[in-house]
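One structure is given here, and the rest of the page talks about it.
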Number of protein chains: 2
Amino acid sequence: MSAVSRNPVDLLRGDKRVECQNCALFRICLPKHVSAADLSSLEAIIIKRKATPRGQPLFKAGDKFSSIYAVRSGGIKTYRTDAEGNEQVCGFHLPGELVGLESIISDTSINSAKMLDTTSVCEIPFPELEALLPRMPQLQKELTRLLSREIVTSQWQLSLLGSKKADARVAALLCNISDRLEQRGYSATRFSLPMSRSDIGNFLGLTIETVSRSFTRLQRKGLLSVKGRMVTLLDLDNLRRLAGHTTLH
Amino acid sequence: MSAVSRNPVDLLRGDKRVECQNCALFRICLPKHVSAADLSSLEAIIIKRKATPRGQPLFKAGDKFSSIYAVRSGGIKTYRTDAEGNEQVCGFHLPGELVGLESIISDTSINSAKMLDTTSVCEIPFPELEALLPRMPQLQKELTRLLSREIVTSQWQLSLLGSKKADARVAALLCNISDRLEQRGYSATRFSLPMSRSDIGNFLGLTIETVSRSFTRLQRKGLLSVKGRMVTLLDLDNLRRLAGHTTLH
DNA sequence: CGCCCAGTTGAAGAATTTCAAACGATGTGG
DNA sequence: CCACATCGTTTGAAATTCTTCAACTGGGCG
């Protein structure tokens, strides 16, 4: 999708100092309310990683928890695996969103995270971040807000899985992604899904076949047009109506 | 279930100063790591409410968000209502747990909360709490941890709704409640469910009929015994095996 | 060119929902 | 004290939705 690397190995770590103010995501990312004076202390602990190709893990469940991550470009899925080896996708993370917040309560990572696409992240070592908080109330507030938002997102997902039919779930996910992309300055009606049908199905609690059929039905109703991962939302109003609830983000 | 009040009206507010150290839940509640010196500043902002009867709302979605709450006794459910008026139960909160964390990101409450039983709470005004954080790193850490735990809980629930059959969902909920009660010093194998079948079904993404049938099946398998809300877990091992994953809490 | 993977489509099967009825505990009024 | 209404729960049978199994398609890449 984006530029692909020749040599994955030397993409794994970057060491250039991050410059949040120049980042396109500054307005929506963690440091958005941090004063210019404090910003450099924050930037000092952040590790700007280079792009990593699709499919690479960012971390695995059980790894020692030491950092959270901000997505700079691309996309990431987080997922957990239960005793029988079943995966459950917990979330998709777009640029400007944090990954790994659920593991703060633990010494080890609770979820695994994998690149959906060529993706770059900023690594934020958590103990260092935590040490900054007492001195930086703005940052502390923002972190609390982002944690809270993560709860809201999970609960939104719950209300999807709890009572909605397949078509409504698919519509809701598409509307949600549409909103998030729009917020980042992209088209709200035409975009490429960063994740596979299998990930979508898993996220929505459906099989890939059901997802596929659902796309076909929505297409026949004239609500959207799909070609592989490329979707065009033709009737956002009715799509939202079908999703039938709380717009998120 | 517990003592019932004659006059609900004068139960709504208490003004006795809270004394966390003497509270049976001190070890598991928000202030557990706060130093004795800091504790009194925290206690000063907490409002100890008197018991409220079953069915009363604690807050409603859309209310101005101003406080989070710690359950002192009884139980609370939080839920959200979508555009069509469908409810989705987001969580059950037992003594020692916080309620309302999801709304921190918002000016208004995102969920509604209702007493499942005669319940008393400590109200913690959030702006005041937030003001204490810079001076009390321990408290800040604990709040962050609790927020993180809330994410883990929601994601646990997701993995239930995402891929589990009805019996597994019911078994998982029972094991989860069992664990939480045990942690609070109650019996892990014999307890009274604080919530109705309807709440259970809604929480698990099932109809009440399916929940009822599931209880009957689990009973026939000799895994438990149910009479109304009273359950006895007869074979916790196999119940966990059936639930088939990550123990939470 | 042909393999392979992701996605689509079809038909049969399984699980849950829906509709309907009955039960038991609780509470009210005669 | 009993008859009756109510609520939450249980049970049964039919309808629906989703899953499963299987075959097929089309684009990308060796």
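Every chain is numbered from 1, with letters handed out A, B, ... down the list of sequences.
Between B:Arg213 and B:Ile208, the residue whose closest nucleotide on DNA chain D is further toward the 5' end is B:Ile208. Nearest-nucleotide positions on DNA chain C for B:Leu206 and A:Gly228 put A:Gly228 closer to the 5' end.
Comparing atom distances between the A:Arg197 side chain and each of C:dA15, C:dG7, D:dC18 picks out C:dG7 as nearest. Closest to the side chain of B:Arg229, from the set D:dT11, C:dT16, D:dT9, is D:dT9. Distance from the side chain of B:Ser212 is smallest for D:dT11 among the nucleotides D:dT11, D:dT19, C:dT16.
In terms of phosphate contacts, B:Thr210 brings a side-chain nitrogen or oxygen within less than 4.0 Å of OP1 or OP2 of C:dT17. Of the side-chain N and O atoms in B:Thr207, none sit less than 4.0 angstrom from OP1 or OP2 of C:dT16. Distances shown here put a side-chain N or O of B:Thr216 below 4.0 Å from the OP1 or OP2 atom of D:dT11.
Separation of the A:Phe92 and A:Phe203 ring centroids falls under the 6.0 Å cut-off.
Computed from coordinates, the B:Asp199 CG to D:dC7 P distance equals 16 Å when rounded to whole Å. The distance between atom CG of A:Asn202 and atom P of D:dC18, rounded to the nearest whole Å, is 17 Å. Spacing between atom CD of B:Glu209 and atom P of C:dC23 amounts to 17 Å, rounded to whole angstrom units. Rounding to whole angstrom units, CZ of residue A:Arg217 and P of C:dT9 are separated by 11 Å. Separating the CG atom of A:Leu160 from the C1' atom of D:dC18 is a distance of 17 Å, rounded to the nearest angstrom. Summarising the geometry, the separation between NZ on A:Lys165 and C1' on C:dT17 is reported as 7 Å, rounded to the nearest angstrom. The interatomic distance linking A:Arg54 (CZ) with C:dA6 (C1') rounds to 11 Å, in whole Å. The separation between B:Lys227 atom NZ and D:dT9 atom C1' is 13 Å, rounded to whole Å.
Without hydrogens or angle criteria, B:Thr119 side chain to B:Gly75 main chain gives a donor-acceptor distance under 3.5 Å. The main-chain N or O of A:Ser103 is never found under 3.5 Å from a side-chain atom of A:Ser106 such that the two would form a donor-acceptor pair.
For the pair B:Leu181 and B:Leu94, the tightest heavy-atom approach, listed with the atom from each and the gap, is CD2-CD1, 4.1 Å.
Note on A:Gly205: only backbone sugar-phosphate atoms sit closer than 4.0 angstrom, heavy atoms only; bases stay farther off.
The side-chain heavy atoms of A:Leu173 and A:Ile200, taken from C-beta on, include a pair separated by under 4.5 Å.
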